[in-house]
Amino acid sequence: MNSALETRLRVEEFLIREAALLDDWRLEEWGQLFTEDCRYLVPNLTGDPYESPARTLYMIADDSHHLAERIKRLGKTTAHSEHPRSKTLRLVSNVRILGEENSHLKVGSGFTTYRSSQGRTDTYFGKHEYILVPAGDTWLIEEKRTILKMEALRPHGRLSIIV
Amino acid sequence: MEASIRNRVRDAIDIDPARRTFRIARSSYVDADIYRAEMETIFSSCWLYVGHASELAAPGDFKTRSIAGRSVIFVRDGEGAIRCFLNICPHRGAQVCREREGSTNAFHCIYHGWSFGTDGDVLHVAEEDTYADGFATAADRNLVAVPRFEEYRGFWFLNFDADAVSLRDYLGDACVYIDRVVDQAELGMETVGAPQEYSMRANWKLLAENSTDILHVETLHPTYLDLIRTNSEGQIKRGKMEGNSIDLGNGHSVVEREATYGRPIAKWISLWGEDAKVEIDGIYQRLTDRYGEEIAKKMATYSRNLLIFPNLVINDIMSLTIRTFQPTAADYMEISVWSLAPVEERGTVALERRLTNFLEFLGPAGFATPDDVEALESCHRAFAANREAPWNDLSKGFHDPAGDTIGETKDEVPQRAFWRGWQQCLENAERLP
């Protein structure tokens with residue numbers, strides 16, 4: 001197997017494991033996939049998804065502090081929108097290596113995430129873009145940017161899960 | 001036999017002055033006939049928010065929006081004037097603009113090719129020579145402007161009733177609080193980026209009640225309160241906060257109270273660091289210089305939850321947000337939320353603080369708003385039992401049935417004000433069956 005293909009398969013395996021942690025609500029373990037200076041970004045559904053969150057309104061623009069707090073929140077029974085917990089399934093596909101610089105990998109994937117709760121099922125879809133840094137025989141996530149492709153969060157009404 | 005709408009509106013509010021109770025019939029949230037009556041009265045005769053002047057920066061800039069079910073074009077014309085047209089071709093009725101936003105010299109109808117300037121005047125009628133002389137230049141070939149379109153301090157509203165009172169008179173005492181928000185800026189206010197657009201599977205009146213409701217904060221949003229305690233290392237005061245909930249008339253209301261969180265203008269928290277303290281102290285000082293100590297203190301360290309009846313919220317809380325919601329059925333609404341900031345914050349760390357504060361609480365992915373969505377959708381689901389369990393209770397702080405205009409911050413004064421405005425608006429309507 002050539003090394004580019006092997007890298008893609010290893011990355012794909014990493015992303016599938018990440019999705020499984022989220023599907024299983026193992027959020028603390030999911031948080032451990034991130035570096036200490038990480039960003040977790042979900043741009044607004046309208047506008048340039050690459051404009052800085054310091055200059056424009058995002059949906060989520062977590063630094064490591066806010067990501068840790070988000071994980072803590074979702075673990076509490078008082079995070080009412082996700083307690084009782086919704087049932088979710090994340091399908092990850094179209095995995096590509098978009099670039100490599102100083103051993104940092106830039107990776108893209110397409111996703112569909114289903115969320116089912118209180119008699120309703122909503123579908124979120126879009127693409128994830130990651131910056132991965134090597135850590136032993138795997139990676140850590142330095143940045144995860146989730147670009148939602150729906151026109152609006154309608155009828156979802158909320159983005160209370162990590163899609 | 002169903003009671004008439006008029007009777008249902010009359011009976012929607014149940015007041016017992018002796019027991020000091022104020023109750024709302026839950027059928028008022030779910031009844032499709034009530035919803036239709038609201039659309040024909042409230043949403044056809046009240047001033048409805050369209051957008052902020054700053055969203056249309058340059059001539060030709062436009063947004064298309066759905067206001068009370070009507071598609072409208074909010075546009076700055078070639079001369080720089082802000083206008084609002086119904087988005088319907090005078091010829092055969094197609095929408096003349098199907099883009100959500102953009103900048104243009106003209107709107108072209110895709111159906112038969114008529115086109116219109118940004119001032120609404122017709123530019124081109126296809127095969128003009130096959131019509132009578134003067135047809136293509138007659139005024140009724142132009143786009144139809146909304147019947148009334150007025151502005152207060154950058155906030156543009158429309159009214160579908162040509163005979164409505166002026167916007168200024170409609171807003172009445174609410175202007176004091178709009179001023180208190182807008183005056184915080186030294187160079188004016190502007191929206192930051194695009195609105196967040198989401199929805200709720202719930203009746204619109206639930207969100208009107210919720211937006212000025214302080215009573216729910218500790219029970220529904222403990223995870224947000226945990227976050228801000230972490231952010232401020234416990235420096236935020238606990239316990240009773242100074243402030244009031246106020247009925248502003250016409251269904252409008254405000255809760256103004258001591259803020260329990262950092263405010264970009266101007267209440268410092270430790271998370272922001274010492275440099276920010278110097279900067280925020282400076283902002284506070286300049287407010288004091290401009291408006292005096294008392295007003296500056298209110299502007300800087302108090303928050304304001306303001307509801308402009310029926311569907312505009314200006315919440316000047318941990319960040320500054322404009323929220324409007326458009327019902328499309330008794331059990332569904334589309335919500336749009338903007339972040340508003342002083343122009344002078346553009347490109348500064350102050351704007352970053354403001355946006356971070358916004359995302360910590362607000363919006364469909366914040367630490368609080370998703371739980372509001374959950375609570376209000378759960379109310380709406382539960383209202384299916386309105387025959388067996390008919391009443392919602394809004395009696396908190398209902399001390400004076402004859403003069404219920406001001407209360408403690410957690411009293412249900414704003415919710416009662418909303419419902420009185422709702423009833424008054426429906427009862428005054430001539431078209432009510």
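Chain letters run A, B, ... following the sequence lines, proteins first, then strands; residues in each count from 1. Atoms considered below: every heavy atom in the structure, side chains included; atoms not considered: hydrogens, waters and symmetry mates.
Interface remark: of the candidates B:R353, B:H221, B:Q196, B:R354, B:Q196 forms the most heavy-atom pairs closer than 4.5 Å to chain A. Counting heavy-atom pairs closer than 4.5 Å to chain B, the top-ranked of the candidates A:Q118, A:M150, A:K76 is A:Q118. Note on B:V373, B:L220, B:D226: by heavy-atom pairs under 4.5 Å with chain A, the leading option is B:L220. Heavy-atom pairs under 4.5 Å with chain B were tallied for A:G47, A:S160, A:A54, A:A79; the largest tally goes to A:A54. With chain A as the partner, the residue from B:P222, B:G347, B:S378 showing the most heavy-atom pairs under 4.5 Å is B:P222. Ranked by heavy-atom pairs under 4.5 Å with chain A, the first of B:E197, B:E345, B:M333 is B:E197. Taking B:R201, B:E334, B:E352 one by one and counting their heavy-atom pairs under 4.5 Å with chain A, the maximum is reached by B:R201.
Few gaps surround OH on B:Y332; more than 12 heavy atoms of other groups in view lie less than 6.0 Å from it. For B:E99, the CD atom sits in a loose shell: 12 or fewer heavy atoms of surrounding residues, nucleotides or ligands are nearer than 6.0 Å. Residue B:K410 places its NZ atom among 12 or fewer non-hydrogen atoms of other residues, nucleotides or ligands, all under 6.0 Å distant. Heavy atoms of other residues, nucleotides or ligands lying less than 6.0 angstrom from CZ of A:R8 number more than 12. No more than 12 heavy-atom neighbours from other residues, nucleotides or ligands sit within 6.0 angstrom of CZ on A:R120. In the displayed structure, B:D275 atom CG is contacted under 6.0 Å by at most 12 heavy atoms of other residues, nucleotides or ligands. The number of heavy atoms from other shown groups lying within 6.0 Å of CD (A:E51) is above 12.
No donor-acceptor pair closer than 3.5 Å links the side chain of A:R154 to the backbone N or O of B:M200. A:N44 places a side-chain N or O within 3.5 Å of a backbone atom of B:P195 that can act as its donor or acceptor partner.
Ionic pairing of A:R158 and B:D372 is not present here: no N-O contact between side-chain nitrogen and carboxylate oxygen is shorter than 4.0 angstrom.
With a threshold of 4.5 angstrom between heavy atoms, B:T328 does not approach chain A through any atom at all. Heavy atoms of B:L227 lying under 4.5 Å from chain A belong to its backbone as well as its side chain. Using a 4.5 Å cut-off between heavy atoms, B:E377 touches chain A through its side chain atoms alone. For B:R346, no part lies near chain A; criterion is any non-hydrogen pair under 4.5 Å. Only the backbone of A:H156 comes within contact range of chain B, with heavy atoms under 4.5 Å apart. Heavy-atom distances place both the backbone and the side chain of A:L57 under 4.5 Å from chain B. For A:E151, the parts lying near chain B are the backbone and the side chain together; criterion is any non-hydrogen pair under 4.5 Å. For B:T219, the part lying under 4.5 angstrom from a heavy atom of chain A is the backbone only. Using a 4.5 Å cut-off between heavy atoms, A:R70 contacts chain B through both its backbone and its side chain. The part of A:H65 that comes within reach of chain B is its side chain, from C-beta onward, which places non-hydrogen atoms under 4.5 angstrom from that chain. Only the side chain of B:R381 comes within less than 4.5 Å of a heavy atom in chain A; its backbone stays farther off.
Proximity of A:T46 to B:E101: side-chain heavy atoms (C-beta onward) are separated by under 4.5 Å at one or more points. In this structure the side chain of B:T223 never reaches within 4.5 angstrom of the side chain of A:K72, judged on heavy atoms. Looking at heavy atoms from C-beta onward, B:Y224 lies out of side-chain contact with A:E69 at the 4.5 angstrom threshold.
Scanning all heavy atoms of the two residues, the minimum distance from A:R55 to B:V192 falls at O-CG1, 3.3 Å. Taking all atoms of both residues into account, the shortest heavy-atom contact from A:H66 to B:F367 is O-CZ, 3.8 Å. Residues B:E374 and A:H80 share a closest heavy-atom pair of CG-O, 3.6 Å. The heavy-atom pair separating B:P370 from A:S81 by the smallest distance is O-CB, 3.4 Å.
Taking non-hydrogen atoms and a 4.5 Å limit, the residue list of residues 357-364 of chain B in contact with chain A, ordered by number, reads B:F358, B:L359, B:E360, B:P364.
Remark: A:T56 OG1 to B:L355 CG distance equals 7.5 Å, nearest 0.5 Å.
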